[in-house]
Trainee: 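Here it is, the structure, as structure tokens.
A, B, ... follow the sequence lines: proteins, then strands. Residue 1 opens every chain.
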Amino acid sequence: MPDFQPRHPAADPRDEMFEGIPDFGSVWAEASDRTWFLREDDYEPALEHDLESRFSVGNGFLGIRGSLDLPTEASRPRTYVAGLFGLRPGPPALSALTPAPQAFGLRFSFDGEELNIGRGVVKEHSRLLDYCSGVLRSIWRHQLPSGRIVSLESLRFAALAKPELAVQLLRLQMDAPSGVGIFVYEVNSSILIPLTDASPVWQTSDGTTLVSCMRLVRLQVDTAPPSSWIEPPGLPESLRCAHELSILQLTSYGIGDEPPAAMEQARTALRNGRLSGLQGLYESHSRHWRERWQNSDVVIKGDEQAQEALRFAVYHLNSSVRPGDPTVSVAARGLTGDGYLGHVFWDTDLFMLPFYTFTWPAATRSLLEYRFRTLPAALAKAHKLGFRGALYAWESTDTGEEATPPYAIGPHGEVIAIRNGDLEQHISAAVAYGAWQYWQATRDIPFFLNAGAEMLLETARFWASRAQREKDGLYHIRGVIGPDEYHEDIDDNAYTNYMARWNIERGLDAARLLSRRWPGRWQELLAKLALSKEELDDWRTVAGSIYLPLDPTSGLIEQFSGYFGLEDIDMASYEARTAPMDVLLGPERTRRSQVIKQADVIMLLALLPDASSPELSEKNFEYYEARCGHGSSLSPPIHSLVAARLGRLDLAGRYFHQTAAIDLSDSMGNSAAGLHMGALGGLWQATVFGFGGLTVGERGLAFAPHLPAGWRRLRFPLRWRGRQLAVDISNEPCQVEISLLQGLPMSVHVGNSWQQLRKGQPLTASFRCREEGT
Amino acid sequence: MTRPAAASRKVLVAWDGSLAAATALPVAKLVARQLGAQVEALYVASDAQDREERGSLLLREAKRLGFGLRLATGDAANEIVRWTEEPGIVLVALTTHGRDLEVAYRLGGVAGRIVARTTRPVLIVKPESANTVRGLKRLLVPVDGTPKTAAALHPVMELAAALGAAIDLLYVAAPDQKAPEERGSVTAPRYVDQPQHEWPEWAAEVVHRLATCCAGCPEEVPVRIFLAQGEVGDEIARFAMDNQEDAIVLVRRSRFQPERAKVIRSVLRQTSCLMIIVGGEET
């Protein structure tokens, strides 16, 4: 049998349904540039879950895993709708992101023979995620068990311009005329319950949230004119095709507490999608993506792997948020997998938020509004534990109530107490840090007055009540878990105490600012929060007397009380390991050792670079880096950032690539459950704050770049208080150029001095090309 | 391997006539009953005289014990391997040693050659502990995380389905373990300190990837995954004893040359548990 080669769509001028869609062949021809495309040319069932995460498409409202167009038992196809939380049966029962009805679910047979990648011979299979346009394409040529050849080309996207809408185009081509059977499979999520038999609405298992899902399909058989729009139950069961069948599918979603509202949202989106047509949808989607890239693309010359990693990170970060919806945030795995049950952690506030703040402030505002919306739950949690102010949930879902389970069932059926929900309290400082940085970067007064200030005050209040004065006259915070989760129920965690002081100081800053500039609003807040002058004085006392564990002799910050007395294990002897240190040492010995899970004191150095001198930072980095097991995906990017700031460029580069490999190479073996959104945000921070040398202060932006060996150039855009900037750093010669593309003149610290930056007058400064260890 | 219908399944026992080797017979009968299979023993005589004298004796003994005995003549290992490939053979039972006792490896010369060459799963019985065998309800299957090793487990998964047995996968993390280069391999979970998230996700993924995708484990076989830390052979033996596993399943990646098959030798030395050895891609 001669090998059948399909023709490419859009090659036929009669093909009106697909007009305006880039030709499959031409897209594939361009796809050799791995910095703009993610490509996979094999089909290996064992890798499917991992690839599905990587090839996800999303728009912040919808997330669709990059599963095969016709999934198999090896697949874990999922469509997520942000905010669709339901109760996952226990024990313990937990609030979890519930998969929505699948966006796409058609299957095909040819003269009765089903097209299934698991049956027959795969002649060709490629997937291609185009970062630039946010479109996932695939080509699949398959020999059915009967010997006949069928090809399927597809594209899909979650419309960035119309977030409730998912679009899929399929083109089937066959080597001989066939009776093509079309059937719909697993349209509905098995975890959702249909509200009624007749309405396209489902509810979560606990009945708290509703989702509506509607579909329309158009068919084109060979060169006949396309059909009108059909709702899937009305699809013909079989069609006679000479060579080709094309299918365009639009799927829309709505979410809410009441069926009419959810249905109306879905219906409106579907109607708009139908009116726009494929071309209109594709063009508006691509245009929105181009705009996103203009505001966020980081260009690296000289290190293609690094460039590839950054585009991957920026693509997924841009796919994960939908400005304007304060009811949802970005979960630890975004909308790319079931991992971490769709829960929101500090990953969002400290690891992802800076990317959005400096490239897409509207996104940050939404994410902070989510924290403001969940402030009542944070107040209630603090109150329940006997404190004042706001203690945010370590794991948060739609209500902001603590979603960390109190226990888990271990592999041997044993009950394991989970204490993070009660003890990992540094989350409140993380929320405050994100809010303050947003204020610094945007001067968004309405947000500050209506939400930001209150968050800063209530988190500050929490820390002031949490720290207790002891006999030494100092305030201590006992019984917490720091970022290093290997050590539980510890006293005076340096990170927590420093961040608590910082948080209280920012609360006092907010109070000062409000009283001076917006006294009316200040009076309102004083009344609303029942805040007195005496209480503010107490905050000052606590901030001034909180115990900060710095050993003046060694210059080392002790991670927590008693840490230096723990067993010091030589991590070098475990260098070849593939398992985390707590697995190798066992939990008990790990607790009794100085081995740490992730950046803790080093996290402090990253967030508060002014907390210690460069010399002390270097000492502390040296000490703790040698003891870190990197048992968290959040650890390597922070090490990269701090190492870069310290001029340890080889090391920073190694940590950068270690971060990149977490999802691009599944180096931690857990990308199947979704991408590590915090690590992706951390990669951007390592680049911009680390190698780009950006620090943010009250006066403005300061740059002290350090490019690693091999990076000839680094360019990135920044948003700052309504302005658009472009930063261009080169290594040959070592020079930084900062341009103001849009907005009023501003001060920038570069080349050891503050300088005025004006539109059309870029600032250029040289910097010392630093070598490793200097 | 297509699963043979119960009626045509056979468990083949290699019997050299020794008392030690005879201990495999009741074990084989127990397993065969679980499988709904017949037991067939095979005696390979060294020559015609041996076949005439010893063969006749063993035929009478087999009849007395209630199982069928086939006779063959020639090189014992070659003949047994040839017979193991007969249709319907789902399991081959051997004792670690019989007449040609080889205590050092606890896997006799003939037994070693059979295990090294047959494509069928081989059940290894230690004569001294044969009378403690209670059947095959729980199989401990250590995995190294690679798809190729997992793929070699397919016959065992089919066997487990036929036995109605459950599978306990065990991944052992060792301090000096290098990451497998093979694409699709899995390593230990990263954050066991957050058992509410990472453990269940890792466990589900490993079961899916290794048991379902690679080993083609039938849906009806219950599969669990466990994690241990330490020297691989020690941990497998310890885990099997602690958890009262009925058999340990190991994938052979070599032909038992000196300095190879260290894990199999280590487990054999340390445990009295039954072992099932399947052939994998040799390295």
Trainee: Just so I know, are the side chains of A:Arg65 and A:Phe55 near enough to count as touching, which here means a heavy-atom distance under 4.5 Å?
Mentor: no
Trainee: Report the residue from A:Arg627, A:Arg592, A:Arg589 that forms a salt bridge (Lys or Arg N to Asp or Glu O under 4.0 Å) with A:Glu567.
Mentor: A:Arg589
Trainee: For A:Thr404, which atoms come within 4.5 Å of any heavy atom of chain B: side chain, backbone, both, or neither?
Mentor: side chain
Trainee: With only heavy atoms counted, which part of A:Leu584 is less than 4.5 Å from chain B, the side chain, the backbone, both or neither?
Mentor: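 Both parts, backbone and side chain.
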Trainee: Against chain B, label A:Ala408 side chain, backbone, both or neither, depending on which of its atoms sit under 4.5 Å from a heavy atom there.
Mentor: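 The answer is the side chain of A:Ala408.
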Trainee: In the structure I gave you, are the side-chain heavy atoms of A:Gln559 and A:Asp484 within less than 4.5 Å of one another anywhere?
Mentor: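 Touching, per the 4.5 Å side-chain cut-off.
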Trainee: Between A:Asp338 and chain B, which part of the residue has a heavy atom less than 4.5 Å away: side chain, backbone, both or neither?
Mentor: backbone
Trainee: Under 4.5 Å heavy-atom distance to chain B, tell me which part of A:Ala673 shows up: side chain, backbone, both or neither.
Mentor: side chain
Trainee: Strictly by salt bridge (charged side-chain N to carboxylate O under 4.0 Å, His left out), give each pair with a member in residues 205-215 of chain B just once, sequence neighbours left out.
Mentor: A:Arg76-B:Glu205, A:Asp666-B:Arg209, B:Glu205-B:Arg209
Trainee: Would you please name every residue forming a ring pair (Phe, Tyr, Trp, His ring centres under 6.0 Å) with B:Phe226, sequence neighbours left out?
Mentor: A:His412, B:Phe239
Trainee: Under 4.5 Å from any heavy atom of chain B, what part of A:Pro587 do you find: side chain, backbone, both or neither?
Mentor: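 Neither the backbone nor the side chain of A:Pro587 comes within 4.5 Å of chain B.
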Trainee: In this structure, which one of A:Glu52, A:Glu40, A:Glu48 forms a salt bridge (Lys or Arg N to Asp or Glu O under 4.0 Å) with A:Arg127?
Mentor: A:Glu48
Trainee: Can you say whether B:Ala150 sits under 4.5 Å from chain A via the side chain, the backbone, both, or neither, judging by heavy atoms?
Mentor: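 For B:Ala150, neither part sits under 4.5 Å from chain A.
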